[in-house]
Amino acid sequence: MKVQSLWLADEKDEKIQTLNQSINVDVLIIGGGITGISTLYHLKNSDLKICLVEQNIIGHGVTGRTTGKINYLQGTVYRDLVNKYSLEVAEAYLLSQLDAIKQIKRIIKKENIDCNFEKVDSYVFSSKLKDINKLLEEKAILEKLGIKVIDSQTKKGYAIGVTDTYVFHPLKYLRALKKICIEAGKEIFEKTKIYKIKKDQQLYICYTKDYVIRTKKIIFACHYPFFILPYLMPLKTYTEKSIITASLANYKTKTLLSSSNPCQSIRYYQDDHSYMIYLSNSHNICNSLNENKNYKQTIIEANDLGLKPLYIWKNDDLITVDKMPYIGKIQKHNEQLLIGTGYNTWGMTNGTLAGMILSDIILGRKNEYEKLFNPLRTSCLSDIDKYMINVGSSMKGFIQNKLFKNKSWYDEKVKVVMHKGKSIGIYDDGEKHMVYNKCPHMGCSLIFNEVEKTWDCPCHASRFDIDGKCIKGPSVYDISYKDEF
Ligand SMILES: Cc1cc2nc3c(=O)[nH]c(=O)nc-3n(C[C@H](O)[C@H](O)[C@H](O)COP(=O)(O)OP(=O)(O)OC[C@H]3O[C@@H](n4cnc5c(N)ncnc54)[C@H](O)[C@@H]3O)c2cc1C
């Protein structure tokens, strides 16, 4: 079994360009996932000087590890929005998701993109009475909003479904958009990481390892922002992780999603081979720290469904306090800093929407969804209790991990020791790989993920390879430890 995302498995060696001099631009987009690339795509015909930087390769972040469902039936989100806000807000969110799906369809058709885009029926199911009642409420709301909902009794329990949803290969889509943007004259610098940003009068100076980018505006499309102030993301979100498998399959299925926790989902993918993609073991990253167990459990569940996983991987996404994304300005009177993130595991539609909204803001155009997703929405203030829960759960991960650095489940290759007053993580596979066992983002101790051979932060989801190279933010710094032992 390969410990790798199915989408990254067919990655061909593409020519990449890295930043090789300091430059001045009008707009800098940081991050080349669905948010960054969609935004650049919408700005590709503008006369503004715009560039996108990606610390890795386009699509190798969260988007390259998604399950790639393009769906507006998202658990019981409309019920949650009615309860929190109103039917009008739920309707606006529904329209935004339908618009995003239309937009993806339009782009794929117009640009003739081959990304295994396929129409499938989608269902949300549950066998628990409490959750079935929520599904019935969701159905009633959707019907009130004019959506035709099918309901059925399945082996898995009661399910509600819709017919006009899709699946695709997210990386093929992103790669095609990347090519189109470059052909339109926009610059994309891969393997180019922004480490810090300073304000210099009307400009922002963004520092990479060797050069600087001076820019009038910045779009943070980097998933989890690497700065804490001014936006205080750790307060406004928590991170949810899941394990995903892909197995060969000779039958087709609808897209299925459980509404109960921990969530499970299944979708079908057809290319040269047919695959069943099964997702399970969704948890707040501060919980279920024994990753070995989480991966094993997912494999057992997949086996129970008659699947033999060929690929296995982990992914995580940001969950906001009110289940709606943060897209727009991050400071009230500052038109220069924009963000798109917090998609609550629905980034294919919401990342696409972010592309539409952020490009409209840059071009001074009105966008009907700007207010809905405003990251500074005042209603967030009423969520102080949820902010406290987010902080509390991160603190739990922080404290637990500080106290018990060596986990009972680690095998003998993994150790955490004190050396010269510092906590050092060691992975010994014949060669000693050593890291500082402290996330540079907010100082949390790390957990060794024995399956993917990474050191993972249980507070805000930064990840580092066995030699300490930071492979996923919010940290931007490595934790390599080279001292003699
Ligand atoms: C298990 C799981 C399953 C999911 N399945 C679905 C699904 O079926 N359908 C759906 O709609 N959504 C799904 N999602 C959600 C979706 O995958 C994400 O919301 C979406 O991919 C996020 O896109 P993004 O562009 O914001 O982030 P990313 O794809 O992570 O892009 C951000 C990029 O920024 C780069 N970056 C970060 N910091 C810097 C820096 N300092 N300098 C330069 N570059 C930087 C990163 O390398 C990264 O490539 C799923 C999420 C999870 C966790």
Side-chain angles (χ1 to χ4, degrees), residues 5 7 19 28-39 52-74 97 100-101 104 122 165-168 170-171 173-174 188-197 206-209 213 218-227 239-245 255 257 263-267 269 277-283 285 298 313-320 325-327 339-355 441 461-463 470-477:
S5 146
W7 317 122
L19 185 71
L28 169 66
I29 301 172
I30 304 178
I34 190 149
T35 308
I37 287 288
S38 301
T39 308
L52 182 151
V53 290
E54 164 56 50
Q55 64 180 355
N56 200 332
I57 303 285
I58 295 298
H60 280 217
V62 178
T63 307
R65 296 171 153 254
T66 171
T67 47
K69 302 185 290 282
I70 303 171
N71 205 335
Y72 65 88
L73 186 65
Q74 304 172 357
Q97 302 306 294
I101 294 174
I104 296 172
S122 291
T165 55
Y166 299 82
V167 288
F168 71 166
L171 260 189
Y173 178 70
L174 250 56
I188 295 182
F189 300 110
E190 291 170 84
K191 300 260 176 205
T192 302
K193 184 189 283 197
I194 301 295
Y195 287 87
K196 81 177 173 193
I197 298 171
C206 302
Y207 293 82
T208 69
K209 192 161 153 274
I213 302 176
I218 304 175
I219 294 175
F220 295 99
C222 49
H223 195 242
Y224 204 123
F226 49 95
F227 48 86
T239 305
E240 184 174 287
K241 63 179 177 184
S242 304
I243 309 294
I244 307 166
T245 59
T255 293
L257 174 75
C263 169
Q264 293 168 299
S265 98
I266 200 152
R267 68 156 279 200
Y269 169 67
I277 299 172
Y278 175 70
L279 171 152
S280 171
N281 273 286
S282 308
H283 298 283
I285 50 158
T298 308
W313 68 98
K314 176 170 106 163
N315 201 14
D316 45 66
D317 204 15
L318 293 179
I319 310 297
T320 63
Y326 299 135
I327 305 171
I339 198 166
T341 193
Y343 302 147
N344 303 291
T345 75
W346 295 105
M348 302 305 102
T349 46
N350 286 309
T352 302
L353 267 178
H441 175 235
S462 295
R463 298 182 76 182
C470 179
I471 52 173
K472 182 182 173 293
S475 170
V476 281
Y477 297 107

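When a ligand or atom number is given, it counts from 1 through the structure's own listing order.
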Thr165 versus Ser122, side-chain donor and acceptor atoms under 3.5 Å: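 Checked: Ser122/Thr165 side chains pair up, N/O donor to acceptor below 3.5 Å.
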Option among Tyr278, Phe168, Trp7 that satisfies the ring pair (Phe, Tyr, Trp, His ring centres under 6.0 Å) test with Tyr269: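 Passing option: Trp7.
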Atom-level proximity to ligand 1, residues with heavy atom under 4.0 Å: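 Within the 4.0 Å shell of ligand 1, which is judged on heavy atoms, sit Ile30, Gly31, Gly32, Gly33, Ile34, Thr35, Val53, Glu54, Gln55, Gly61, Val62, Thr63, Thr66, Thr67, Gly68, Lys69, Thr192, Lys193, Ile194, Ala221, Cys222, His223, Phe226, Ser242, Ile244, Leu279, Asn315, Asp316, Asp317, Tyr343, Thr345, Trp346, Gly347, Met348, Val476.
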Contact check, side chains of Asp317 and Thr239, non-hydrogen atoms, under 4.5 Å: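 In short, these two side chains do not touch, never coming nearer than 4.5 Å.
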Ring-ring centroid check Tyr224 His441, cutoff 6.0 Å: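 Yes, they do, as the ring centres are separated by less than 6.0 Å.
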Pair Tyr207 and Tyr195, ring centroids less than 6.0 Å apart: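 No, too far apart.
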Name of the residue among Ile219, Leu52, Ile197 meeting side-chain contact (heavy atoms from CB on, under 4.5 Å) with Ile30: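 Running side-chain contact (heavy atoms from CB on, under 4.5 Å) over Ile219, Leu52, Ile197 with Ile30 returns exactly one hit, Ile197.
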